[in-house]
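Every value quoted in this text rests on a predicted model; they were computed, and no experiment measured them.
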Amino acid sequence: MEYLATFAAKMAAWWAVTPGTEKLWLAIGFAAQLMFSMRFIVQWIASERAKQSIVPETFWYFSCAGGAMLFAYAIYRMDPVFMLGQGAGLLIYGRNIHLIWKARLKVPQESAARGPAE
């Protein structure tokens, strides 16, 4: 119990001396990690429902949003390893979203080329 009291006192002291900008960036970092983690939850639920491994479209949106937020956080922290990892991931997520949108646009064009259904 004494450990918890000491920990709480240290956290209170840290909170009192930490600048607001730092707290804001910590909040962004935690929100980004939550966003990034949501993609695995979405993928897991979709796979369980389908009884096979699948990657739903939402996975890529959570990946992109979380990756962009983590990339911003890495820039703020000036962490080149983290920047490189998140930057490369953003290219992959963006490419997958592009392919999804491209396929979606292709379907109506193919239907129009076939003409009216008989």
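The shortest heavy-atom contact between Phe36 and Arg39 is O-CG, 2.8 Å. The two residues Gln43 and Val55 come nearest to each other via the heavy atoms CG-CA, 4.4 Å. Closest heavy-atom contact between Cys64 and Ile97: CB-CD1, 3.9 Å. Considering every non-hydrogen atom in both Ile54 and Ala50, the closest pair reads CD1-CB, 4.1 Å. When all heavy atoms of Leu26 and Arg77 are compared, the pair lying nearest together is CD2-NH2, 3.5 Å. Listed here is the closest heavy atom pair of Leu70 and Gly29: CD2-O, 4.2 Å.
Between Tyr93 atom OH and Phe59 atom CZ the span is 7.0 Å, to the nearest 0.5 Å. Summarising the geometry, atom CG belonging to Leu105 is positioned 9.5 Å from atom CH2 belonging to Trp101; distances are rounded to the nearest 0.5 Å. Here the straight-line distance linking atom CH2 of Trp14 with atom NZ of Lys23 works out to 6.5 Å at 0.5 Å rounding.
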Less than 3.5 Å apart, which donor and acceptor atoms pair up between the side chains of residues 81-89 and the rest of the protein, not counting sequence neighbours?
none

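Proximity of Glu48 to Ile45: side-chain heavy atoms (C-beta onward) are nowhere separated by under 4.5 Å. Counting heavy atoms from C-beta outward, Tyr73 and Asp79 have side chains that stay 4.5 Å or more apart. Between Gln52 and Ser47 there is no side-chain heavy-atom pair separated by less than 4.5 Å.
The neighbour count for Trp15 CH2, taken as heavy atoms of other residues, nucleotides or ligands under 6.0 Å away, does not exceed 12.
Under the 4.5 Å side-chain heavy-atom criterion for grouping Ile, Leu, Val, Met, Phe, Trp and Tyr, Ile41 is connected to Phe62 within one hydrophobic cluster. Met38 and Phe71 are not part of a single hydrophobic cluster, where members link through side-chain heavy atoms under 4.5 Å apart. Ile75 and Leu90 fall within a single hydrophobic cluster, where Ile, Leu, Val, Met, Phe, Trp and Tyr are joined by side-chain heavy atoms under 4.5 Å apart, directly or via other members.
With sequence neighbours left out, the side chain to side chain contact (heavy atoms under 4.5 Å, CB included) criterion links Ala65 to Met35.
Ring orientation note: the planes of Tyr76 and Trp25 are close to parallel, at an angle under 30° on the 30°/60° scale.
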